Engineer: 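Please read through the structure below; I'll follow up with questions.
In what follows, chains are A, B, ... by sequence order, proteins preceding strands, each numbered from 1. The model shown is predicted, which means the values in this text are computed figures rather than measured ones.
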Amino acid sequence: MSIEVTGLNKKFGDFVALDDVNVTIPTGQLTALLGPSGGGKSTLLRIIAGLEKADTGSVTIEGVEATHLPAQKRNVGFVFQHYAVFKHMTVAKNVAFGLEIRKRPKDEIEHRVQELLKLVHLSQFAHRLPSQLSGGQRQRMALARALAVEPSVLLLDEPFGALDAKVRKELRDWLRRLHDDVHVTTVFVTHDQEEALEVADEIVVINEGRVEQVGTPDQLYDEPANDFVMSFLGEVTHLGGVSLRPHDIELEASPQLAGSVEGTVSRMVRIGFEVRLTVLTVDGDEVSVVVTRAHARAHGIEEGSTVWLTPAAGATVVPRMAAAV
Amino acid sequence: MIWFSALVLIPLAAVVVTAIDGGWDVFWTTITNGQTAAAIKLTVFTAAGVTAVNVVMGPLIAWVLVRDRFWGKSVLEVLIDIPFALPTIVAGLVLLSLYGTDSPIGIDIANQRPAVFLAFLFVTLPFVVRMVQPVLEELELDVEEAAASLGASRFTTFRRIILPSLTPAITAGAALSFARGVSEYGSLVLLSGNLPFKTEVTSVRILSSIENDNVAGAAAVATVLLAISLAVIVVLDLIQRRVAARG
């Protein structure tokens, strides 16, 4: 196992950033640390990189006990949200920095820099300054710089957070393809569940300093461990004491299924092929339901109609927490 | 451009013109006069020495002010600016009472060369500090962290990442500090005693020329100072370019 984190605790003053975190990150995979802002995921990443010191607990990287190693000795590549470019150096010099520190021969450095710039599609910008690049290009340069030293793990802290939506999406796809080529163990932090679901092999959901669940995107979506994971990964509504996805509710115009709950449609919005309904049940719940346009039309549903709701067979259902989101 | 000319170029040209008006002979005899040459030498070397001290101490003080948290920091922030705010003759008075013949701390450097050095040091202290400080504040921590994660030691990070970013500010501060040193009058006039060949600086020399109705002589000295200041600014700019390019 590539990165092993055991019993990690970290406090900033009174604020508990990490609360007894245990995670194992597998070799060669692309893992996402997913969670809301301030949940501790960036702190965890920074502790793995050695940029932050844990109060207690240990970190092992590729079998090497790294808890007390300084960042310089951990051989990790780190990519920052705001690129952290060396402004006064050209793109090529930026990428070469780690190799020059390691006193590699000049021609080897030159060769490797060219190779990396080609990999991140920046060959023609080698002699530009970072200030002459766009945000996306700067981040690709930062990635090449981190990869140059052949790190045992690559850590990315909200790497696409400062980019606009379109570039973000492109870079996301590109990172996935790059990882398929390079195969370095990669961990990236994100608060965007779509990004995590789309890119990662494995997702670690972190909230309030604790690991809520670890699993593949499908596992997390289909078998969320609790209400938090479920609501963080997609839309959630509550029906009769359970949490479930709005599209996992069966809606009928008459009570046909056992255990169905009666309610009145209070709001109806049509978006393209789907129809979003808000139903007030006789139990006092306000339930969101998503059905297809065809289904709504077939059952003659409109605002004010009386309907019966049942959790669909095979639906992902989680008992509702007291502090439901 | 007109504004700039009126403020800077015309007075500078006037000085040079006055010096030329006096004729080449006056110019040459003035600046080769032993007393004047000694004054120019003292002023330039002391100003250069003080600037060298400031180039080292200025960034250090700025670093402490930006990166460290300690009790009394805001007081120190204000103290740094006192040489800016204080009329220089008051500074001279303070220095005289502290390092003069009746020094309460037992250091008597009145009428000696260290007095000139000390006075220059006092008035030029804020320049490099205040030039470097905002640049240091703007410097992003993650850049240093990036260097560290790439394997750079603290020293290498400072030399290859931080220093090149600070160089323009240090150079600008050094130029200001040198120019201020060369032109200083008020703060040293009391403590140094203005002894010819020993502690007399050029500004004092220019004043005495004027008092003796030797305007051409004063202008000649001023022109030499002008040329030296210009040369220093050019040299500093070259150094800055070199360091910035080396990164």
Engineer: Can you confirm whether A/K87 sits close enough to B/V143 that some side-chain heavy atom of one is under 4.5 Å from a side-chain heavy atom of the other?
Structural biologist: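 They are not in side-chain contact.
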
Engineer: Give a yes or no on whether B/F84 atom CZ has more than 12 heavy-atom contacts from other residues, nucleotides or ligands under 6.0 Å away.
Structural biologist: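 Yes, CZ of B/F84 has more than 12 neighbouring heavy atoms, counting only those of other groups under 6.0 Å.
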
Engineer: Is there a side-chain contact (heavy atoms from CB on, under 4.5 Å) between A/F78 and B/E145 once you walk through the steps?
Structural biologist: CA-CA 9 Å; A/F78 204 98; B/E145 290 175 345; over 6 Å; no

Engineer: Donor-acceptor check, side chain of A/Q72 to backbone of B/A152, threshold 3.5 angstrom: yes or no?
Structural biologist: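 Yes, A/Q72 side chain to B/A152 backbone: donor-acceptor pair under 3.5 Å.
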
Engineer: Does anything in residues 108-119 of chain A reach chain B? List residues with heavy atoms under 4.5 Å apart, or say none.
Structural biologist: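 Listed by number, there are no contacting residues, so the answer is none.
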
Engineer: Would you find a donor on one side and an acceptor on the other, under 3.5 Å apart, between the side chain of A/R102 and the backbone of B/L150?
Structural biologist: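 It does hold such a pair.
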
Engineer: Mark yes or no for whether A/H88, through its side chain, and B/R160, through its backbone, hold a donor-acceptor pair below 3.5 Å.
Structural biologist: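 Flag set: sc A/H88 to bb B/R160 pair under 3.5 Å.
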
Engineer: A/A71, A/A84, A/A49: which one forms the most heavy-atom pairs within less than 4.5 Å of chain B?
Structural biologist: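 If we count pairs closer than 4.5 Å to chain B, A/A84 comes out on top.
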
Engineer: What part of A/A146 gets closer than 4.5 Å to chain B, counting heavy atoms only: side chain, backbone, both or neither?
Structural biologist: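 It is the backbone, since no side chain atom gets that close.
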
Engineer: If I take atom CZ from residue A/F97 and atom OG1 from residue B/T157, how far apart are they, to the nearest 0.5 angstrom?
Structural biologist: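 Spacing of CZ (A/F97) from OG1 (B/T157) equals 6.0 Å.
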
Engineer: Among A/L51, A/V149, A/T90, which residue has the highest count of heavy-atom pairs closer than 4.5 Å to chain B?
Structural biologist: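 The candidate making the most pairs under 4.5 Å is A/L51.
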
Engineer: Can you measure from CD1 (B/I161) to CZ (A/F86) and round to the nearest 0.5 angstrom?
Structural biologist: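 Reported to 0.5 Å precision, the distance equals 4.0 Å.
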
Engineer: Chain A heavy atoms under 4.5 Å from B/S149: which part of the residue, side chain, backbone, both or neither?
Structural biologist: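 Its backbone and side chain both get close to chain A.
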
Engineer: Would the number of heavy atoms belonging to other residues, nucleotides or ligands and lying under 6.0 Å from NZ of B/K73 be above 12?
Structural biologist: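 More than 12 within 6.0 Å, yes.
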
Engineer: Does any heavy atom of chain B fall under 4.5 Å from the side chain of A/V79, the backbone, both, or neither of them?
Structural biologist: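 Neither part.
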
